[in-house]
Amino acid sequence: MAITEYEDKIKDIVENLDKEEFIFEFLSVYSKIAKSTITKLRKGTNNLSKVPGEYHLKNKLYFKQVSGDTLQAFTDLVSKISQQNVNPRYIMVTDFKNLIARDTKTQETIDIDFKKLPRNFEFFLAWNGIEKADFERENPADLKAAERFAKLYDTLLKDNERISRHGLNLFLIRLLFCLFAEDTGVFEKDIFTNTIKSMTKEDGSDLNCRIQELFEFLDTKIRPEDTPAWLRKFPYVNGQLFTEQHTNVVFSKKSRNLIIEAGELIGWDKVNPDILGSMLQAVASEDKRSHLGMHYTSVPNIMKVINPLFLDDLHEEFEKAKGNETKLNNLLERMRKMKFMDPACGSGNFLIITYKELRRLEMDIFEELGKINNSTMYVPTIDLGQFYGIEIEDFAVDVTRLSLYIADHQMNLELKRRYGDYLRETLPLHKVGDIRCGNALRLNWNEILPHEKDDEVYLFGNPPYLGASGQNQDQKKDMEFVLGKVKGYKKLDFIAAWFYLGMEYCKETKARYAFVTTNSICQGEQVNLLWTPILKFMQIIFAYQSFKWANNAKRNAGVTVVIIGISSRNEKNIEKRIYSINNYIKKVKIISPYLIETENESLIVENTKKTLNKLPLMSKGSSPTDGGYLLMSDEEGKTVLEKYDGINDILKKYVGSKEFINGYYRYTIWIADDDIKTWKNNKFISERLKKITEYRDKKKGTVKKLADKPWKYVSQGRFSETLSKKNRTGYNIIVPRVSSENRIYVPMGTVDDNTVISDSAMAIYDAPLWLLGLLESRMHMVWLENVGGKLETRYRYSAGLVYNTFPVPELSTRRKNEIEELIGNILDIREEEGGTLAELYGSPLAAKNPKPMNPRLLEAHKELDKVVDRAYKSTDFKDDNERLALLLNMYSEMVNKKG
DNA sequence: TATCCGACATGGA
DNA sequence: TCCATGTCGGATA
């Protein structure tokens, strides 16, 4: 059942109250309580209490209808129950004005206005087998609010087809403000909802007029004498929130009710402005509705950005300043001058969290000041005017401003709670810094938030990620606008533009920046393209290594992220920190753009087409680009082989990474140009070829050109060429392009000439066996792990980055023979032990359910490692870091030699 | 022509 | 719905 259904049903019961029937109707809302149980309770057959007005349903509820002092009645009932040997989950009393209920398991008690029962439906969810704590974790008030809000939004859109989006959005923002204000003490309690309820007609026809009058009045500082009484109770709001002219909105009975329900059923005081904002933003943009909230940054992740960027430092300074009035005041002065900008602020959650954290620190400081000098006056330090943002969607801009007001008010309440005598008024609203609506990649950030060399300014956020092949024309133009001068910029992720602009804003100043980003900009070919130019002026001061994106949205975005903090190179002696999983912190001197400790951050491996190491050519396997019509499963292949005589001439096994690792194969049609005459009239073949022609015709470029030769692979690597070579003695080596990072070694191997290596794997045709041994070695694994690209965190093997750049020392014939023998041994053990490579290599590095690698195989690999290690260095390596350092040094020598 | 990538894709528990 | 682990074709050089 949807959350809102519980509320709606209970609301119906409360509004059409039948006191005698109430408890039965209420129980029936909770579907796990059987109808028959309720019927029996009504008849009294299973009512364990014989007192009139009392209902005791075994293990579930002890209910009493009372009159007079409910609290006294409740206390009496509790003590009465405690004397019996019974254990009802809930105890509830009500006089239908007030209601008190206790959950005897959690000992939680609610004492509420009877009319607020619908809002508290989740308190009783244990009846349905759902514990309240679990429910709240999965269905926060924010989600509930967003769900109701989406309904209202859709209804208003249907009733107002011609209205401008901006006008509608503005109305909704103001509505949200009013609902929030009446629940949190900015306005008089429930005044907005009650006004609408009592002052407008049920069909909604005059609601627009009243709303317009109200909004205008909220923006009027000097209250006219003739203000009608119903308006006079509303205060002056300012903050420009109600300044713009209200756009007329058509209301219906339905939309009016939805507004009233939003007021009555949602506890706006429980709503987090940071999360709500992201939900609202998603509601308002149709295309994003499907991934509601997918991309909002969770509070823990925001903390990972702002803590190391500036908050840790402020807290540290606070600790040092404790007991010293001057130092404390200096810290406040410093905080007052700080400025913050999120150049992709969305609905502003980074700004909100930052604002709240600073206000809390401010309170702590005043508490300390109070201890030193108890006549300390509270002077507001942190102001909304210190917060800036850029956002492309105008609704989100409004949500950001609104959310900042809400955050401000929440902190004012917290201040009052903590120190009753320190007061800060929410109204009139304070002015927020520039939250600019526009394209962050086209705007001059320094014009929005101008700063001097020594100003303390921080930029942060979670800008959009988009790989090179997913960018649309506009985004590509934006990339060119920002990164046009950067070599190879077209291969960079969209977020690279933010990192580049961050550099331009912060370089040679004290300003710093940190973003949450896809980890791919710190892997593979993007490392050189992006970081070589940025590191000319900047340095990485902290980094969170790869972790999986997660927030509370129903469906999470599928991406692995890192967090990178950056300052100007001019800032010396910064202690840099690398945070890895489990929040293990390592303090280091230099952080490389691969986000690991390094001695030289310019040791970056560049994608290279030519081999730098004289190894035989590696190429990608063959790619059919056939829409799947050249391929068939093992099973289908065997059927075909039986059905058509001689077809085995043109059927080959087809093996990619998945097939190779998991020990199976598919079949592919593989027809040489000369043989096509023989086969084009075969029914099975011709049907498939026709489909391929159709498929390729819809494409463009090379693929389309091959539409009339459908049997041909679009790219064959060097396979055909190899097949035509006579007197071959080498092996066809297969290397999976993508494979699990949970294995110690990437399984590689050899296949015969009757097997097509698919483009999901790399291939070295007609190669010596020692080469396979070299590639399977620890040395090569370390290289792959550190300089190769990744698919999230999977290993991604590529020729340009990994194979061609791999530094190889002089190998004597004797050593080659030794390697050959050891890799031969490994291949034998694989055969002897049996099972798939996935089973043999296991997943020993998995965090949750590690599966061991076959011990015999592991031993054989270690022997191979020793021999290969020895080719690089005469003594043992301490660890993989030492291997990597040696390889990187060899690499840089190799590159320098080439000039 | 040959990649290197994917706010992913997909199959199995 | 989570968890483990690798397809396939596009845009680019």
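Protein chains get the first letters and strands the later ones, always in sequence-line order, with residue 1 at the start of each.
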Check every strand shown and say whether [X] touches a base, only sugar-phosphate, or nothing at a heavy-atom separation below 4.0 Å.
X	answer
G788(A)	nothing
P624(A)	nothing
R696(A)	nothing
G470(A)	nothing
S758(A)	nothing
E741(A)	nothing
K476(A)	sugar-phosphate
K658(A)	sugar-phosphate
R743(A)	sugar-phosphate
A838(A)	nothing
D493(A)	nothing
K790(A)	sugar-phosphate

Of all the choices, [options], which nucleotide is nearest to the side chain of [X] once you look at every atom?
X	options	result
L801(A)	dC5(B), dG6(C), dG9(C)	dC5(B)
H295(A)	dG6(C), dC4(B), dA7(B)	dA7(B)
S740(A)	dA4(C), dT5(C), dT7(C)	dT5(C)
Y465(A)	dA7(B), dC8(B), dG9(C)	dA7(B)
E792(A)	dA7(B), dG6(C), dC8(B)	dC8(B)
R796(A)	dA4(C), dG9(C), dC5(B)	dC5(B)
K609(A)	dA13(C), dG9(C), dG6(C)	dA13(C)
S520(A)	dA4(C), dG6(B), dC8(B)	dG6(B)

Is there a side-chain contact between [X] and the phosphate of [N], meaning an N or O under 4.0 Å from OP1 or OP2?
X	N	value
S739(A)	dG6(C)	no
N742(A)	dT5(C)	yes
Y695(A)	dG9(C)	yes
K848(A)	dC3(C)	yes
N607(A)	dT3(B)	no
N662(A)	dT5(C)	no
R666(A)	dC8(C)	yes

Is the shortest heavy-atom distance from the side chain of L459(A) to the side chain of W498(A) under 4.5 Å?
no
Would K485(A) and Y500(A) count as a cation-pi pair here, with the cationic atom under 6.0 angstrom from the ring centre and within 45° of the axis?
no
Do T668(A) and Y713(A) get their side chains close enough for a donor-acceptor pair, meaning under 3.5 Å?
yes
We want to know whether N528(A) and T532(A) form a side-chain donor-acceptor pair, criterion being a heavy-atom distance below 3.5 angstrom.
yes
Spacing between [X] atom [atom1] and [N] atom [atom2], to the nearest angstrom:
X	N	atom1	atom2	result
M618(A)	dT3(B)	CE	P	10 Å
D759(A)	dT7(C)	CG	P	9 Å
N849(A)	dA4(C)	CG	P	6 Å
E659(A)	dT7(C)	CD	P	7 Å
Y713(A)	dA2(B)	OH	P	15 Å
R737(A)	dG6(B)	CZ	P	13 Å
Y803(A)	dA2(B)	OH	P	16 Å
K491(A)	dA13(C)	NZ	P	7 Å

Are [X] and [Y] close enough that their ring centres sit under 6.0 Å apart?
X	Y	answer
Y745(A)	H780(A)	no
Y665(A)	Y667(A)	yes
W670(A)	Y654(A)	no
Y465(A)	F494(A)	no

Work out how far the [atom1] atom of [N] is from that of [M], and round it to whole angstrom.
N	M	atom1	answer
dC8(B)	dC4(B)	C1'	15 Å
dT10(B)	dG6(B)	C1'	14 Å
dA13(C)	dA7(B)	C1'	26 Å

Checking base pairs now: Watson-Crick or wobble, both atom distances under 3.5 Å. What partners dT7(C)?
none
Going by purine N1 to pyrimidine N3 plus the second Watson-Crick contact, or the G-U wobble pair, all under 3.5 Å, which nucleotide sits opposite dA7(B)?
none
Show your reasoning for whether salt bridge (charged side-chain N to carboxylate O under 4.0 Å, His left out) applies to E636(A) and R688(A).
CA-CA 13 Å; E636(A) 193 182 354; R688(A) 283 192 164 233; 3.0 Å; yes
Under-3.5 Å donor-acceptor pair between N462(A) side chain and dA7(B) base
yes
No-H, no-angle donor-acceptor pair, Q526(A) side chain to dC5(B) base, under 3.5 Å:
no
Where does the angle between the aromatic ring planes of Y544(A) and Y579(A) fall among parallel (under 30°), tilted (30 to 60°) and perpendicular (over 60°)?
parallel
Could you check S469(A) against G717(A) and say which one's nearest nucleotide on DNA chain B is further toward the 5' end?
G717(A)
Does S657(A) reach the main-chain N or O of P736(A) with its side chain, forming a donor-acceptor pair under 3.5 Å?
no
Under a 4.0 Å heavy-atom cutoff, the residues of residues 697-705 of chain A touching DNA chain C are K699(A), K700(A)
